[in-house]
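Shown next, in structure tokens, is the structure this report addresses.
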Amino acid sequence: MKLQGPRGTRDFYPKECAWQNFLLEAWRKVSVRNGFEEVDGPFFESLDLYKIKSGEGIVNELFHFEDRGGRELAIRPEFTPTLARMVASKANSLQKPIKWFCVPNLCRAERPQRGRLREFLQWNCDLIGVDGAMADAECIFTLVDLLRELGLEPQHVRVKISHRQTVRTILTKLGVAEDKLLTAFDLLDRRDKMDADAFTKAASELGMAPEQVERFEQICRFRYPCGSLAQMCEQTGLDSLHELEELDAQLQAFGIADWCEYDLGIVRGLAYYTGTVFELHETSGAMRAMAGGGRYDKLIELFGGPSMGAVGFGMGDVVLSEVLADKGLMPQDVSPRPDVFIVATSDASATQVPMLTASLREQGLHARFSYKTTRNLGKLLKDAANARSRFVVILDDDTPNGQVQVKDLQTSEQQTVAIESLASHVALA
RNA sequence: GUGGCCGUAGCUCAGUUGGUUAGAGCACCUGGUUGUGAUCCAGGGGGUCGGGGGUUCGAGUCCCCUCGGCCACCCCA
């Protein structure tokens with residue numbers, strides 16, 4: 001093929017386009033019923049906006065260019081900076097709390113792999129202006145609500161939760177000095193990519209005694225079910241896990257404990273999360289994270305706004321679609337179905353096709369007809385079935401004037417119907 | 001951005017140690033039969049073998065470069 005699409009991009013043929021729309025509708029429906037309002041911003045922003053949040057290093061990870069006036073711009077690699085900018089510039093006049101969602105397409109100049117492309121969709125929900133675990137839990141509830149909407153169950157996926165402050169407390173208790181905490185987070189993040197010896201060595205360099213290293217390893221590899229923090233207290237030797245306990249209570253109050261578990265190995269980008277952090281994973285753990293989020297209480301300030309607590313998450317379409325396909329939950333075709341499909345079995349009756357089609361369409365029906373010239377009814381019915389039509393209207397020479405044969409392709413029932421009542425016949429079915 | 005594997009029709013693939021006009025199944029399109037979604041029959045479109053260069057009398061096959069895909073790093077906002 002001489003003209004290939006750019007690396008890491010996709011073409012959306014009708015079926016793929018229909019799936020994208022289906023997913024977007026699900027995201028929107030769930031967002032709205034959870035009380036979020038849709039927003040959007042520009043597809044490109046000034047490059048500086050992304051440097052504020054992520055530093056100079058981010059420049060290599062995104063698509064950027066200069067406009068004709070020499071302004072440095074970048075295609076959006078995430079929505080959060082735009083959101084923060086929008087909130088900061090109107091913070092005083094916006095009703096609190098701010099609950100916004102967005103379903104942007106984003107571009108990142110990364111090397112594509114399974115589950116990671118250069119252009120993708122991402123669902124974002126953010127709840128700004130509410131401190132406390134209830135807001136965190138509501139965000140996670142919204143995420144779980146979507147999973148249910150798509151037919152997923154706790155056996156398929158799990159929300160893995162951690163908490164910056166709690167982990168900090170645990171690490172300190174284990175003997176990690178203040179200035180080594182970031183290194184410890186990093187070690188926590190990459191624990192699965194290291195062999196045991198390298199891990200032990202790195203851990204002991206953090207200032208932990210041998211038995212503390214062992215305990216550290218045990219703690220960060222263990223999964224604690226939601227609703228049973230006592231075990232974590234016991235293993236960490238702490239009396240209280242503070243913020244995590246409040247979150248635990250709220251998750252149970254929302255009734256989503258089955259979907260959640262605590263995994264202190266969940267770290268996320270060190271940059272800006274300040275409290276709760278979470279990721280959604282497929283249960284086998286084979287694929288990359290399906291969604292990620294957490295609390296970022298300093299971000300709005302960073303963008304020149306007032307101090308406002310915030311919590312949110314993002315979910316991409318790529319891994320989600322792969323997981324649904326893997327679990328057999330991907331609907332095979334969500335393209336719009338025609339209400340009626342008109343065929344004619346004689347040259348004489350065929351002359352009525354355009355007028356009947358026009359009439360049905362004017363009445364709001366999705367009406368199609370066969371472009372085939374054959375009068376073979378079997379082939380015409382197949383044409384209708386291929387189009388996935390609900391009904392076939394058959395025009396022939398034997399049916400009295402003003403009436404047509406209508407066949408229900410689902411039930412195979414066929415009856416004679418007056419043309420005037422066609423629309424209502426189809427609508428009632 | 002670094003490294004490894006891969007690239008023949010829309011899809012799954014075949015294609016002898018380099019040797020005529022590159023094939024099959026499915027899909028798609030046209031027509032026919034039995035005329036109510038099946039079956040069957042006939043025909044058709046579509047590939048500069050990812051692209052470019054080189055070796056050779058001759059390259060889908062060997063070499064180099066490049067583009068794209070997958071995997072591991074980096075990163076994962």
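To find a chain, count down the sequence lines: A is the first, B the second, and so on, and within it residues start at 1. Worth knowing before you read on, the calculation uses all heavy atoms, side chains too, and leaves out hydrogens, waters and symmetry mates.
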Give me syn or anti for B:G43, where syn covers glycosidic angles within 90 degrees of 0. anti
Tell me: CD1 of A:I342 to P of B:G37, nearest whole Å? 20 Å
Go through the steps for A:S424 and A:S421 under the test side chain to side chain donor-acceptor pair (under 3.5 Å), then give the verdict. CA-CA 5 Å; A:S424 57; A:S421 52; 5.1 Å; no
Any Lys/Arg nitrogen of A:K327 or A:E282 sitting under 4.0 Å from an Asp/Glu carboxylate oxygen of the other? yes
Using atom P of each nucleotide, how far apart are B:G10 and B:G3 to the nearest Å? 32 Å
Spacing of A:N60 atom CG relative to B:A77 atom C1', expressed in whole Å: 14 Å
Rounded P spacing from B:G68 to B:C29 in Å: 33 Å
Salt bridge check: are A:R295 and A:E243 linked by an N-O gap of less than 4.0 Å? no
Could you grab the distance from atom CG of A:L152 to atom CG of A:L324, nearest 0.5 Å is fine? 5.0 Å
Among the candidates B:A77, B:G68, B:U34, find the nucleotide nearest to the side-chain atoms of A:Q4. B:G68
Using heavy-atom distances to pick each residue's nearest nucleotide on RNA chain B, tell me which of A:P6 and A:T80 is more 5'. A:P6
With no angle test and no hydrogens, is the base of B:C75 tied to the side chain of A:R116 by a donor-acceptor pair under 3.5 Å? yes
Quick check for you: among B:U33, B:C76, B:C70, whose closest atom lies nearest to any side-chain atom of A:N376? B:U33
Given B:C70, B:A77, B:G37, which nucleotide is nearest the side-chain atoms of A:R114? B:C70
Consider the side chain of A:K53, meaning its heavy atoms from C-beta on, and name the nucleotide among B:C70, B:A77, B:U33 that approaches it most closely. B:A77
When the P atoms of B:C74 and B:U56 are considered, how many whole Å apart are they? 46 Å
What is the distance, to the nearest angstrom, from the CZ atom on A:F185 to the C1' atom on B:C75? 19 Å
Looking at A:F185, does the NZ or CZ of A:R164 lie under 6.0 angstrom from its six-membered ring centre and within 45 degrees of the ring axis? yes
Candidate nucleotides B:G35, B:C70, B:C75, ranked by approach to the side chain of A:E61 - the nearest: B:C75
Between C1' of B:C67 and CZ of A:R118, the distance in whole Å: 12 Å
With a non-hydrogen cut-off below 4.0 angstrom, is A:G292 in contact with a base, only sugar-phosphate, or nothing? nothing
Counting only side-chain heavy atoms from C-beta out, which of B:C76, B:U36, B:C71 sits nearest to A:Q113? B:C71
So, does A:T373 get its side chain near the phosphate of B:G31, meaning an N or O under 4.0 Å from OP1 or OP2? yes
Distance below 4.0 Å between A:R111 side-chain N/O and B:C74 OP1 or OP2: no
To the nearest angstrom, the CZ-C1' distance between A:R288 and B:C70 comes to 13 Å
OP1, OP2 of B:U36 versus side-chain N and O of A:Q405: anything below 4.0 Å? no
Of the candidates B:A38, B:U30, B:C67, the side chain of A:K382 sits closest to B:A38
More 5' along RNA chain B: A:P81 or A:G115, using each one's nearest nucleotide? A:G115
Euclidean distance, A:K407 NZ relative to A:Q415 CD, rounded to 0.5 Å: 12.5 Å
Rounded distance in Å between the C1' positions of B:C67 and B:G52: 10 Å
Nearest of B:C76, B:U36, B:U30 to any side-chain atom of A:K372? B:U30
Compare side-chain N and O positions of A:K379 against OP1 and OP2 of B:G35 and report whether any pair is under 4.0 Å apart. no
Expressed in whole Å, how much space separates the C1' atoms belonging to B:G54 and B:U61? 15 Å
Phosphate contact (B:C74 OP1 or OP2) by A:R190 side-chain N/O below 4.0 Å: yes
Base B:G37 to side chain A:S412, donor-acceptor N/O within 3.5 Å cut-off: yes
Give me the distance, rounded to whole Å, that separates B:U36 from B:A27 when you measure between the P atoms they each carry. 22 Å
With a 4.0 Å cut-off on heavy atoms, is A:I58 in touch with a base, just the backbone sugar-phosphate, or nothing at all? base
Does A:D396 reach a base, just sugar-phosphate, or nothing at all? Heavy atoms under 4.0 Å. nothing
Between A:D347 (CG) and B:G35 (P), how many Å, whole number? 19 Å
Residues A:D317 and A:R10 bridged, charged N to O under 4.0 Å: yes
Would you mind telling me which of B:G69, B:A77, B:C67 lies closest to the side-chain atoms of A:R7? B:G69
For A:L409, answer base if it contacts any base atom (sugar-phosphate contacts may also be present), sugar-phosphate if it contacts only those atoms, and nothing otherwise; contact means non-hydrogen atoms under 4.0 Å. base
